[in-house]
Amino acid sequence: MIAALGAGAAGVAIGAASGAAVAADRGDAQAHTRSGPVPFFGAHQAGIATAAQDRLHLATFDVSSERPADVRELLRAWTSAAASMTRGGPAGPPAANAMLPPTDTGEAAGLPPANLTITFGFGPSLFVFHGEDRFGIADRRPDALIDLPPFAGDELDPTRTGGDLVVQACSDDPQVAFHAVRNLGRIGRGVVVPRWSQMGFGRTSSTTRTQVTPRNLMGFKDGTNNLHGDDPASMDANIWVGTEGPAWIAGGSYMVTRRIRMLIEVWDRASLDDQQRTIGRAKDTGAPLGASAEFDTVPLGVVANGTPVVPMDAHIRLAAPSENEGAAILRRGYSFTDGIDPVTGQLDAGLFFICFQRDPRNGFVPLQHKLASNDALNEYIKHVGSGIFAVPPGAPPTGYVGQSLFG
């Protein structure tokens with residue numbers, strides 16, 4: 001089956017190379033402003049520096065096969081299918097025999113790709129699983145691909161945590177994003193099994209200088225001071241892996257995901273003053289407390305009547321790079337709602353946090369330790385899911401994502 005997938009996928013790859021312009025570098029500003037398909041191939045994977053789309057479908061998978069060749073051929077097939085789908089094409093070539101299932105599920109037929117990007121990553125368990133080096137790559141696990149430590153207040157659900165492989169599909173059309181993940185999962189049957197997934201709506205940060213700052217489900221502007229994917233110097237310094245890791249990850253990044261449940265009903269009963277002091281911003285304008293406009297410098301050192309105008313436990317103070325030895329991450333989170341919690345009868349909704357960084361050991365991890373211990377926002381949230389993944393560099397039109405690791 002895997003051999004057949006590889007052969008069929010090769011045909012898709014040829015079409016991708018000949019039928020679409022190839023972006024030389026995912027960091028190119030043109031990749032953020034185009035309204036048509038976002039090129040799949042390039043120096044970096046799309047879906048990181050790309051202008052954040054409005055919809056997300058992220059899924060993780062565990063590898064059920066014990067053969068490295070199966071993983072290699074799966075990544076070839078996934079790359080070819082992703083290249084086609086991001087152009088608005090099907091996941092595979094037309095079926096040669098009508099008595100067999102079609103190679104594409106069909107729900108995105110006729111729809112434009114709506115800026116679809118598909119990003120792949122590898123979890124720690126792909127390298128070592130219960131002490132076993134299943135695929136002969138344990139010695140190639142980057143030091144930065146750590147097992148995330150426990151953080152104060154974590155209530156992680158193991159069914160929403162971890163995974164050998166991650167697929168992040170972002171688009172401005174939810175059906176297009178769903179179609180992408182559904183078909184990649186179908187292609188992987190027999191080699192991988194789904195572990196958990198999350199759908200999201202309404203981006204919660206701006207990833208380019210031209211995007212307007214969105215609001216999260218708490219009603220506040222979110223990600224005002226986020227890094228920008230169209231700032232090459234900042235991306236090189238903070239997001240793209242350089243020569244410090246194994247050669248196969250150079251040009252890649254590290255993804256951290258956190259499913260953060262918002263206690264919406266509790267938050268809605270809080271006073272406006274308490275909400276604003278918790279975040280450290282004015283709710284209507286997004287301006288830092290003590291300032292007048294959203295993008296004004298946060299006055300962390302200003303004191304009025306003996307009290308800091310931005311409280312010491314305010315979220316924006318604790319998250320500020322200046323308060324974290326310059327640590328900076330690129331956020332690409334989304335709001336989510338998954339109905340009603342059957343136990344509490346309250347909304348199961350919140351923030352599906354996604355961030356990228358050059359090294360999580362001096363990016364997300366120290367930042368989250370500080371937030372988990374001191375953030376006033378902790379009264380209104382809880383972390384219930386988690387993941388960390390090494391995101392390899394992009395692929396050339398003749399290769400596949402992960403080729404630098406699996407050869």
Side-chain angles (χ1 to χ4, degrees), residues 148-156 204-206 213-228 234 238-239 254 256-263 266-267 270-283 285-291 294-304 306-333 335 350-384 386 388:
L148 288 176
F151 299 102
D154 274 3
E155 298 183 26
L156 301 184
T204 59
S205 59
S206 300
T213 308
R215 293 183 183 270
N216 59 27
L217 295 187
M218 289 179 163
F220 278 79
K221 285 181 173 288
D222 207 351
T224 293
N225 293 321
N226 194 29
L227 289 181
H228 290 142
S234 181
N238 299 289
I239 308 304
Y254 293 94
V256 172
T257 67
R258 302 283 285 184
R259 189 178 191 272
I260 304 173
R261 172 90 174 269
M262 291 180 177
L263 307 180
V266 179
W267 176 259
S271 69
L272 175 61
D273 182 65
D274 183 65
Q275 291 184 5
Q276 293 183 148
R277 291 178 60 79
T278 295
I279 302 299
R281 291 187 180 275
K283 193 168 188 176
T285 65
L289 298 182
E294 178 190 351
F295 292 98
D296 286 350
T297 300
V298 181
L300 297 178
V302 177
V303 175
T307 303
V309 295
V310 178
M312 298 302 294
D313 59 355
H315 182 74
I316 65 167
R317 174 185 289 276
L318 296 173
S322 61
E323 301 295 296
N324 293 280
E325 300 181 353
I329 58 178
L330 177 68
R331 295 178 51 193
R332 284 186 61 94
S335 296
L351 166 67
F352 189 74
F353 175 91
I354 303 172
C355 73
F356 294 89
Q357 62 256 276
R358 186 167 178 166
D359 189 333
R361 294 172 298 180
N362 51 41
F364 173 80
V365 171
L367 176 60
Q368 181 57 26
H369 272 307
K370 177 178 286 189
L371 292 172
S373 299
N374 303 296
D375 194 353
L377 191 58
N378 292 332
E379 181 180 351
Y380 304 105
I381 63 173
K382 58 182 178 179
H383 291 239
V384 297
S386 183
I388 183 171

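Not one N or O on the side chain of Glu294 forms a donor-acceptor pair closer than 3.5 Å with the backbone of Thr224. Using modelled atom types, no side-chain atom of Gln357 and backbone atom of Ala328 make a donor-acceptor pair closer than 3.5 Å. Counting only distance, with no hydrogens or angles, the side chain of Thr204 and the backbone of Asp222 share no donor-acceptor pair below 3.5 Å.
Between Leu289 atom CG and Arg281 atom CZ the span is 9.0 Å, to the nearest 0.5 Å. Here the CD atom belonging to Gln368 is positioned 7.5 Å from the CZ atom belonging to Phe353, to the nearest 0.5 angstrom. To the nearest 0.5 Å, atoms CD (Gln276) and OG (Ser271) are separated by 9.0 Å. Interatomic distance, CZ of Phe364 versus OG1 of Thr257, reported as 9.0 Å (0.5 Å rounding). Expressed to the nearest 0.5 Å, how far NE2 of His383 lies from CG of Asn378 amounts to 6.5 Å. Distance check: Glu323 CD to Met312 CE gives 7.0 Å after rounding to the nearest 0.5 Å.
Closest approach of Ala152 to Ala372, counting heavy atoms only: O-CB, 3.4 Å. Of all heavy-atom pairs between Ser234 and Leu227, the closest is OG-CD2, 3.1 Å. When every heavy atom of Gly223 is checked against every heavy atom of Thr213, the shortest pair comes out as C-CG2, 4.3 Å. Residues Ala314 and Gly280 come closest through the heavy atom pair CB-CA, 4.0 Å. Taking all atoms of both residues into account, the shortest heavy-atom contact from Ala319 to Asn324 is C-ND2, 3.7 Å. Taking every heavy atom of both residues into account, Pro366 and Pro360 meet most closely at CD-O, 3.9 Å.
Between Met262 and Met218 there is a side-chain heavy-atom pair separated by less than 4.5 Å. Annotation: side chain of Phe151 is in contact with side chain of His369 (closest heavy-atom distance under 4.5 Å). No side-chain heavy atom of Trp267 sits less than 4.5 Å from a side-chain heavy atom of Leu217. Between Asp154 and Arg258, some side-chain heavy-atom pair lies under the 4.5 Å cut-off. The closest side-chain heavy-atom distance from Val365 to Leu148 is below 4.5 Å. Between Leu300 and Pro308, every side-chain heavy-atom pair lies at or beyond the 4.5 Å cut-off. Proximity of Arg317 to Val298: side-chain heavy atoms (C-beta onward) are nowhere separated by under 4.5 Å. Under the 4.5 Å side-chain criterion, counting only non-hydrogen atoms from C-beta, Asn216 is not in contact with Leu351.
With respect to Leu377, the side-chain contact (heavy atoms from CB on, under 4.5 Å) criterion is satisfied by exactly one of Ile260, Leu318, Asp313, Thr278: Thr278. Test Ile354, Asn226, Asn225 against Arg331 for side-chain contact (heavy atoms from CB on, under 4.5 Å) and you get one pass: Asn226.
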Applying side-chain contact (heavy atoms from CB on, under 4.5 Å) to Phe220 and Ile316, what does each step give before you reach the verdict? CA-CA 12 Å; Phe220 278 79; Ile316 65 167; over 6 Å; no
